[in-house]
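The structure under discussion appears below in the form of structure tokens.
One-based numbering, in listed order, for ligands and for the atoms of each. Values in this document were obtained by computation on a predicted structure and should not be read as measured data. Values reported hereafter were calculated over all heavy atoms of this structure, with side chains retained and with hydrogens, waters and symmetry mates removed.
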Amino acid sequence: KSVKICVLTYPTYEGLCYPIEEIISGCKKHRIPVLVDEAHGAHLILNRDGPKSSLALGADVVVQSFHKTMPAMTQTACLHFSKHSILSPEQEERILWYLKSLQTSSPSYVLMASIDHMLEIVENEGFRKMEALVDLLNAFYQNVMNLNSIKVHRFDQMDPTKIILFVPNAYYESGIWDGRILAQKLRDEHMIEAEYDSKSIVLLMTSICTTSEDIIKLGEALHILDRENMSTMENKLSAGKGVNYKRIYDQISEEDTYVYSAFATIYMKKEEVDVAKSVGFISAAYVIPYPPGIPILVPGERIKGQTTELFPESLVKIQIVKEDKINEI
Ligand SMILES: Cc1ncc(COP(=O)(O)O)c(C=O)c1O
């Protein structure tokens, strides 16, 4: 009874969606109005096969930033009241009161004209342009599926117009390649500007104004950078720099290393040893360098020399299961 409103962000900045319809209908059952920050989803309505706008899924109030994903000038965000809103007239009035208090009393005709122009594009060619974009993107995703040092991940409920490039663990951790370098190379060498980059991901945006030339150029650039990076990596590894995760993982098998389940080690006695002397013992700890947050070692696993090669330099001591020492593996 104390819940006044449910506020959701959908899709996320990266284009990830989730079963918002279920959340909305759950709220409706309890007469809780739903407000959705759909800043990154003004274009969803145009994609018949992609995730739906929350406005079509029963949300009561939806805020969209046209300028983020549609051809409209910056500062053209819009607040929609659903026709089926369960807001009381008082609640609606209060929202409008806040808007009046916060907004300028001199609306910009330039910005309103920009919205009109966008709506004209949407009405006349929006669906056709989106369909063409989705076709281009499907071909693009096929084309870049088998790259080695750049992965283009797709998730079940994802806005296809957002492209998330991942730099896989092996390349990223070996210190040769990361998302920042990838974004910089896309900019400097291929004149492609990423929306966002971090060490592990690069986010690219497309829209109904993206052309087939743009998508082809991006595909070619990723193939060139992948080839270039693979040969840099091979050179560095042959010069003894960098860690080849794949080579090491290939030498470590579950039969070799699995002794106890992680759960079983909870009840065992433990002690700490120097990492340098830990080979042959059974780990009682996780080693999970972050990012990317993928375990290198788990409790119950026999520590092999190769595994310790992957440990971060800062790790000097490790917890092991007590009284279980073997001489050599
Ligand atoms: C989820 C989300 N909501 C709202 C905003 C702000 O939108 P606006 O540009 O319309 O102020 C942003 C980003 O800038 C955002 O990521």
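By the 30° and 60° cut-offs, the orientation of the rings of His80 relative to Phe66 is perpendicular. Using cut-offs of 30° and 60° on the angle between ring planes, the pair His153 and Phe155 is parallel.
Remark: Thr12 engages Glu14 in a side chain to side chain donor-acceptor pair (under 3.5 Å) (not counting sequence neighbours).
The number of heavy-atom neighbours closer than 6.0 Å to CD of Glu272, taken from other residues, nucleotides and ligands shown, is above 12.
Ordered by chain and residue number, the residues placing a heavy atom less than 4.0 Å from ligand 1 are Thr9, Asp37, Ala39, His40, Ser65, His67, Lys68, Ala77.
The pair Lys185-Glu228 meets the salt-bridge criterion, since a charged nitrogen lies less than 4.0 angstrom from a carboxylate oxygen.
Atom-to-atom distance recorded for Leu182:CG and Leu222:CG is 7.0 Å, nearest 0.5 angstrom.
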